[in-house]
Number of protein chains: 2
Amino acid sequence: MSTPERLIESTRELLWERGYVGTSPKAILERAGAGQGSMYHHFKGKPDLALAAIRRTAEELRATAAGVLDGPGTPYERIEAYLRRERDVLRGCPVGRLTMDPDVIASAELREPVDETLDWIRERLAGIVEEGKEQGQFGAELDGEEIAATILATVQGGYVLARASGSPGAFDAGVRGLLSLLSPRSPMSSR
Amino acid sequence: MSTPERLIESTRELLWERGYVGTSPKAILERAGAGQGSMYHHFKGKPDLALAAIRRTAEELRATAAGVLDGPGTPYERIEAYLRRERDVLRGCPVGRLTMDPDVIASAELREPVDETLDWIRERLAGIVEEGKEQGQFGAELDGEEIAATILATVQGGYVLARASGSPGAFDAGVRGLLSLLSPRSPMSSR
DNA sequence: GTCTATATGCGGATAGAC
DNA sequence: GTCTATCCGCATATAGAC
């Protein structure tokens, strides 16, 4: 792997583990096995390198989500697949955690890929919910955009609960609870 | 206000704004209008002061939540009151945000009040859901603990979505979505 | 491109005067 | 109790040699 590549990958790991404020150039260099000169040759500084890292992480998360959301199955099944997909729960969301970083939120450039990614997932979920409504799998009284926000928030908040307790249990409980609320009525019945 | 008081209050504010890693003793002292000596006279160091601040914030959040959850109304109404209570959404949750702080999670002592508080709210919510089931307001197929986790996760995740987008809209949307899913069936009807 | 040297200031804390 | 002085090392970056 090239030096810039190793720098970006090391930064991605550290941003996930420690956030932007908690990540120092020195730690990045040690992990990447590079010297100071390399980093400042390829990147303008910490914010510039972080931007490259965040963009890649955001891209990757979108791809992962798309893989599940575009999969086979009914709308409910695809949402279930999204909620139950394998996750390293205690590590948290590599994108969502950045929203708690004051320096990320303060920078329009750093915040943009975060916002865009979560928004993209939300829109995809909203479309699937609307699809489910058309098929009668979800009640007509539900609002796709709202339910999408609920689904994504449950995931993001699930990470918070899990990390607080030091165990993934609360994440899984939240997901099961949401799935029970979303559980499709039998075909042709109405509320 | 006494000097230790001012130190604790300043620390609480900074922990909320910038997290543990992003908060320096120097910043605390400036905000509190105190000198280095005062801080190290009253507290053993940054972790000790942070512990006092976190405990107080946790206590305060429990009290606020209790005020709403113990209020009047049906179980659904109390949950709605909890979800819709006034919040400074873009600031995030002063307790939940600490779960993204690596140094807080790494310290059993600092993590404890965070864990305890979120767990306490979860248990209270679970009890209210069970109450609602007994009264036929919620379906018997729902699990109190799971729904409680979903509710709390929706709130915690709502903060994430709102901060990502720079606007409270997504928080509110997630709450409305959840309320529509929880919406009680008319009395005496069954699923 | 990568390395080592160097720089300024902050993070976190101790010592001891008042 | 509070202040100032002082400490060591890290955070972040620049300069210039190889």
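Chain naming here is simple, since letters A, B, ... match the order of the sequence lines and numbering starts at 1 in each.
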Would you say D:dC3 has OP1 or OP2 under 4.0 Å from some side-chain N or O of B:His41? no
Rounding to 0.5 Å, atoms CZ (A:Arg124) and CZ (A:Arg62) come to a distance of 12.5 Å
Do A:Thr74 and A:Gln137 pair up side chain to side chain, a donor and an acceptor below 3.5 Å, judged on atom types alone? yes
Whole-Å distance, A:Phe43 CZ to D:dT14 C1', equals 18 Å
Looking at C:dG12, D:dT12, C:dT2, which one has an atom nearest to any side-chain atom of A:Tyr40? D:dT12
Is it the case that more than 12 heavy atoms not belonging to B:Glu123 sit under 6.0 Å from its CD atom? yes
Here the distance between atom C1' of C:dG11 and atom CG of B:Leu49, to the nearest Å, is 15 Å
Sub-4.0 Å heavy-atom contacts from residues 16-31 of chain B onto DNA chain D, ordered by number: none
Give the residues of residues 1-10 of chain A touching DNA chain D, defined as any heavy atom closer than 4.0 Å, sorted by residue number. none
A:Tyr82 versus A:Leu152: any side-chain heavy-atom pair under 4.5 Å? yes
Are B:Tyr159 and B:Arg87 close enough that a side-chain donor and a side-chain acceptor fall under 3.5 Å? yes
With a non-hydrogen cut-off below 4.0 angstrom, is A:Gly37 in contact with a base, only sugar-phosphate, or nothing? base
Do you know the tightest heavy-atom contact between B:Thr150 and A:Gly174? OG1-O, 2.7 Å
Nearest-neighbour nucleotide for the A:Gln36 side chain, C:dT14, D:dA13, D:dT2 considered: D:dA13
Main chain of A:Pro113, side chain of A:Thr117: is a donor-acceptor contact present, judged purely on distance under 3.5 Å? yes
Expressed as a whole number of angstroms, how long is the span from B:Lys44:NZ to C:dT14:P? 12 Å
Donor-acceptor under 3.5 Å (A:Lys133 side chain, A:Leu142 main chain): yes
